[in-house]
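All remarks here apply to the structure that follows.
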Amino acid sequence: MRLTRAIAQVGLLLAATSAFALPAIRSEFTKRYKSPPAGAQAKAGCALCHVGNTLKRNPYGADLEKALKATGSSRITPAAFEKIEKLDSDKDGVKNGVECAKGTLPGNPKSK
Ligand SMILES: [Ca+2]
């Protein structure tokens, strides 16, 4: 009985942990652009690619999704990021690659 309870508690802990884990795309973004943990990109959370905390993608997220589909892979690849670095997804006059490197939000025109 005790063992069953312990296993259930571990299961709950794992489920809770995975629910808050960053998606692979986010961790690859952070790795590629050396996004600082206290910077605007980290603070944006899901809004880096989505509209707020919704599933709807912002312009950068939409471009990244298109680029990812073009690679033919279901997993994020450096090629997908690279493919959209020359675009200005949010039309603020600053290319995605520049925004990603300097820590601003490539899907939010108020951040450049
Ligand atoms: Ca931009």
Side-chain angles (χ1 to χ4, degrees):
M1 191 66 170
R2 264 188 142 174
L3 181 61
T4 304
R5 190 176 196 175
I7 290 170
Q9 287 174 337
V10 169
L12 280 173
L13 180 64
L14 288 173
T17 303
S18 63
F20 294 104
L22 290 175
I25 289 176
R26 183 54 193 245
S27 63
E28 285 301 315
F29 180 95
T30 300
K31 197 179 345 172
R32 179 173 179 86
Y33 298 110
K34 299 175 178 43
S35 187
Q41 294 167 343
K43 286 180 184 169
C46 299
L48 181 64
C49 295
H50 293 263
V51 177
N53 287 324
T54 69
L55 291 176
K56 184 178 177 191
R57 286 170 180 76
N58 66 29
Y60 178 75
D63 284 340
L64 185 58
E65 182 180 31
K66 279 186 230 161
L68 182 58
K69 283 182 180 170
T71 66
S73 173
S74 61
R75 303 193 71 181
I76 191 68
T77 64
F81 286 119
E82 193 176 330
K83 191 174 174 110
I84 64 169
E85 286 176 349
K86 290 184 177 153
L87 301 179
D88 176 13
S89 295
D90 59 10
K91 312 288 185 221
D92 63 2
V94 184
K95 291 186 175 161
N96 294 339
V98 173
E99 290 210 61
C100 292
K102 74 178 201 181
T104 58
L105 307 177
N108 181 345
K110 292 177 184 164
S111 170
K112 58 182 176 178

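In each ligand, atom 1 is the first atom listed, and ligand 1 is the first ligand listed. Note that the structure is a prediction, hence the values are computed from the model and not measured.
- Rounding to 10°, one obtains 80° for the angle at the Ca ion (ligand 1) between OD1 (D90) and OD1 (D92).
- Note on K66 versus D63: salt bridge recorded, some NZ/NE/NH1/NH2 to OD/OE distance being below 4.0 Å.
- Around the Ca ion (ligand 1), the angle linking D88 (OD1) with E99 (OE2) is 180°, rounded to 10 degrees.
- Judged purely by atom type and a 3.5 angstrom limit, N58 uses its side chain to pair as donor or acceptor with the backbone of A47.
- Side-chain contact between L64 and I76 is present, with heavy atoms from C-beta onward closer than 4.5 Å.
- At least one N, O or S atom of V94 sits under 3.0 Å from the Ca ion (ligand 1).
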- Query: Please walk me through it: do Y60 and E99 pass side-chain contact (heavy atoms from CB on, under 4.5 Å)?
  - Reply: CA-CA 11 Å; Y60 178 75; E99 290 210 61; over 6 Å; no
